[in-house]
Amino acid sequence: MQPTDIHNPNYFHKVVDCQWACPAHTPVPEYIRLIAQERYTEAYMINWESNVFPGILGRTCDRPCEPACRRVRTEEKPVAICRLKRVAADHKGDITQYLPKVPKKKNGKRIALFGAGPASLAVARDLLPLGYIIDMFDRDPGGGGMMRSQIPAFRLPKDVLEEEVDLIVNMGVNARYNYEITSMKEMLDMDYDAYFVGTGAPRGRDLELPGRKEVSKHISIGIDWLSSVAFGHTTSISGKVIVMGGGNTAMDCCRTSNRLGAECVTVVVRSAFDVMKASDWEKEDAMAEGIPILNNRPPKEFVHENGKLKGVVFGRVKPIEADGRLKYVPTGEPDVFIEANHILMAIGQENHCPWIERNLGIEFDKWDCPVIDEDSLQSTHEKIFFGGDSAFGPENIIWASAHAHKAAISIHLFCQGKDPKHDRPPEAVNLISQKMGLHEWSYDAEHDPSQRHIVPHADLKRSLDNIKVEVELGFDEDLGFKEAQRCLNCDVQTVFTEKLCIECDACVDICPMDCITFTPNAPEAELRTALTAPAETLDQDLYVSETLPTNRVMVKDEDLCLHCGLCAERCPTNAWDMQKSIIHIPQLSSYAE
Amino acid sequence: MTFVPKPKARHPLLKTNEIGLTRRDYEAIVSTLCAGCGHDSVSAAVIQACHELSIPPHQFAKVSGIGCSSKTPSYFLGNAHGFNSVHGRMPSIATGAYLANKELKYIGISGDGDSASIGLGQFAHIIRRKVDMCYIVDNNGTYGLTKGQFSATNDMGSTSKRGVPNLYAPIDLVSLAIQLGASFVARSFSGDKQQLIPLIKAAVLHKGFAFIDVISPCVMFNNHEGSTKSYSHVRNHTEPVVDANLIMPRDEIAVEYEEGTTISVPMHDGSKLQLRKLSDSYEPNDRVSALTYVQKAQEEGEIVTGLLFLEEDAVDCHDILGTSDTPFNGLAQENLCPGAEKLVQINESLR
């Protein structure tokens with residue numbers, strides 16, 4: 001293998017699995033260390049810079065970081081990264097002094113943002129400090145988009161939402177609420193310098209089955225119904241409720257129904273339990289509230305009598321794995337009938353832009369999605385950029401933040417007459433030694449073997465009685481500290497300097513995870529089997545040194561490294577050093593000042 | 001030294017041996033020796049060897065004297081028996097322990113000070129008595145614990161850290177062991193575990209006195225340019241002459257060597273020790289020829305390594321003394337001490 005280029009920003013970035021997996025590349029270990037030091041405000045600001053909505057995401061994020069966490073591989077349960085983010089948000093102090101300054105004198109460029117959801121808000125936050133004039137349009141009476149309309153209050157309290165939304169709006173956004181955009185052409189005629197479309201995926205899918213038309217007044221589309229609950233138009237639901245669908249919207253629908261007075265709620269899913277789209281913890285929370293989830297039941301027919309819904313007939317299937325994909329085949333058992341008075345349809349949603357005229361130079365692909373450049377998020381109309389769910393379909397809030405940072409850079413480059421795709425600033429990496437003394441490191445190197453701590457919940461009866469009672473209570477400072485100590489500090493890298501190594505084997509002998517091997521060089525596949533412990537996780541890199549005096553190379557399997565620093569402690573010549581990698585992900589804020 | 005304990009977490013794919021233990025089960029507390037000390041590599045090699053032998057840790061006894069080397073039994077086989085004795089007196093303790101219980105596997109760790117200076121007399125006599133043990137000397141040619149004076153194994157002309165040359169000729173423990181009748185004599189290097197681990201395994205299984213001289217650099221005081229026991233000097237002046245490979249009963253013999261270069265020696269537990277000659281003129285079964293070769297190479301400044309001498313069908317002190325099959329510590333009081341009446345009878349028979 002070729003020697004590893006550790007100055008390629010991606011190399012050590014990949015070692016920080018959580019940061020690599022996070023769409024917004026939040027420097028997770030850095031803020032977790034700050035939480036352990038009770039420096040909540042700074043921890044919050046690190047989050048705020050990367051993902052813009054730490055308090056909201058600390059409750060609602062889809063957590064792509066957690067399955068990536070190295071602790072999943074070294075033991076089983078990841079660090080509760082998401083809930084630690086919430087700890088930072090819950091315990092932070094005054095953040096005013098850390099906020100970017102917005103110049104009074106504007107730069108004369110006017111930007112229109114469509115939608116007041118996470119994507120538009122984050123774009124606004126990035127652009128405002130550079131003096132842009134921001135007009136934000138939304139059909140709802142307040143900002144927040146789907147964070148307000150679709151996430152129930154028992155998961156995301158209103159004050160948490162409003163704090164983070166208002167923070168941005170109050171930076172100087174001209175918010176135009178209750179503004180239904182009906183024509184893109186009309187908006188283009190207003191002659192803004194650039195446009196950002198962050199209107200989300202606002203159309204819930206429907207299901208055409210026999211009886212659908214006859215019972216339409218008993219069927220609600222999940223996201224529309226949640227929105228109507230959020231804005232106080234719907235305050236109750238009665239009788240027996242069936243929620244159809246297996247995603248997070250379905251979980252929100254069933255738990256909301258449970259709180260609004262439904263006699264009984266059943267979730268019925270076409271697919272198997274394990275492959276449901278809903279996050280595991282959402283499924284667990286729904287089941288903990290006594291809601292049954294029935295799987296492998298595709299709906300067949302809405303049964304009605306005199307225009308009244310009686311229930312739904314479901315078939316029975318079982319999943320069979322064929323060519324690595326799940327296929328559902330009928331079991332042959334008789335169909336099941338489930339009684340229902342109301343159905344909530346939560347089987348997916350789409351980005352849908354009927355208000356964009358198709359003759360404006362904005363190309364749409366065969367799925368009726370806008371054609372967008374993945375690097376710049378620019379559409380085929382040079383002034384128009386997309387982000388969030390409206391760009392590539394339904395995702396999570398964290399993706400909206402990630403898109404927004406990209407789009408903000410693009411809009412800035414575009415307004416300066418530069419190419420949003422090719423003039424983008426590069427990523428970079430800095431490495432800083434953490435050695436403070438003979439055996440002292442600036443981070444808590446010792447491995448904490450404790451198990452993941454469980455987030456306490458509010459009393460079940462109390463939370464079922466009131467939709468505004470937040471179910472999860474979050475970690476207190478003590479539990480937050482304990483959970484923070486589980487972080488392996490994967491951003492404190494093991495950096496190897498060939499010319500200092502005397503090949504004494506001290507690092508090989510001490511490494512608790514058998515990561516390090518000195519061996520003759522070979523092609524990667526061969527090396528992976530030649531190590532002290534086989535390196536079977538193929539997407540985890542091998543760190544390979546230059547050839548050493550004995551004609552061997554040092555090979556370190558990054559997979560299971562605990563970043564305990566013992567290799568560096570036992571190294572007599574400092575050939576190993578623990579160095580913090582700071583990954584510079586370009587953001588528009590670096591253009592400010 | 002390190003203050004952070006080694007985490008208990010381990011690689012999920014770490015191999016288990018025949019009795020279901022991983023290498024980590026043969027470890028002990030973290031070493032307090034200097035970072036990069038060769039002795040720690042020797043400890044790691046002992047851990048690996050004992051793990052590969054699939055002998056439970058509690059069936060070992062570790063004995064040592066005084067010195068950096070003699071501290072190391074604390075750092076391997078945490079669940080074994082052990083005795084850290086007086087300076088240079090490990091052989092006496094080992095002899096006593098072996099007489100009392102011949103069923104344990106004995107690993108003695110000593111250093112060049114412990115065995116070649118203060119304990120040289122003890123070293124000579126344990127060889128003569130043929131105690132069945134694996135006796136390892138961590139040989140760094142210096143008194144590291146007292147800040148770097150030359151030891152008795154330091155080569156003449158080799159310099160101290162400050163450049164002062166050693167004026168005395170070295171004692172070569174390997175030559176001494178071959179001459180005094182050890183039935184298994186080897187030399188290796190702490191920086192070459194591939195050679196060292198099979199040697200330790202074979203030495204543990206060998207019936208009779210097995211000696212391994214391990215050159216183990218002292219990173220603090222004897223790892224500089226003028227030293228003949230530094231990592232780089234040893235790497236550049238090593239001549240491996242006989243490769244040893246222990247083949248356990250369950251192993252299949254994967255490699256077939258050319259005829260004439262390989263000697264296969266059956267061990268007591270059913271495994272086989274395969275010796276592969278790397279030098280045509282080397283005779284590992286001939287005491288005189290082996291001794292001559294080793295001494296000649298030493299004169300030329302070369303370090304001969306590998307399994308240097310092996311006596312097949314060796315005997316140990318219990319064979320010589322004709323003791324009972326049951327170890328002494330397993331005998332009842334009346335068998336160990338038959339009483340005054342019996343003594344009278346014996347005395348009478350000798351008159």
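Lettering of chains follows the sequences in order, A, B, ..., and the numbering in each one begins at 1.
Contact detail for Asp509(A) and Lys6(B): the closest heavy-atom pair is O-NZ, 3.2 Å. Closest approach of Leu566(A) to Pro5(B), counting heavy atoms only: CD1-O, 4.3 Å.
Interface remark: Arg10(B) contributes backbone and side-chain atoms alike to the contact with chain A (heavy atom separation under 4.5 Å). Residue contact with chain B, scored on non-hydrogen atoms closer than 4.5 Å, involves the backbone of Cys511(A) exclusively. Of the two parts of Leu562(A), only the side chain, counted from C-beta on, holds a non-hydrogen atom closer than 4.5 Å to a non-hydrogen atom of chain B. For chain B, no part of Thr573(A) is nearby; none of its heavy atoms comes within less than 4.5 Å. Both the backbone and the side chain of Pro534(A) come within less than 4.5 Å of a heavy atom of chain B.
Side chain of Ser41(B) to main chain of Cys504(A): a donor-acceptor pair is present (N/O by atom type, distance under 3.5 Å, no hydrogens or angles). Remark: the backbone N or O of Pro512(A) is paired with a side-chain donor or acceptor of Arg24(B) at under 3.5 angstrom.
Rounded to the nearest 0.5 angstrom, Asp192(B) CG and Glu503(A) CD are separated by 11.0 Å.
Between Tyr231(B) and the choices Ile502(A), Asp505(A), Thr550(A), the side chain to side chain contact (heavy atoms under 4.5 Å, CB included) rule is met once, by Ile502(A).
Taking Val219(B), Asp40(B), Asn223(B) one by one and counting their heavy-atom pairs under 4.5 Å with chain A, the maximum is reached by Asp40(B). The candidate from Glu27(B), Lys193(B), Gln194(B) with the greatest count of non-hydrogen atom pairs under 4.5 Å with chain A is Lys193(B).
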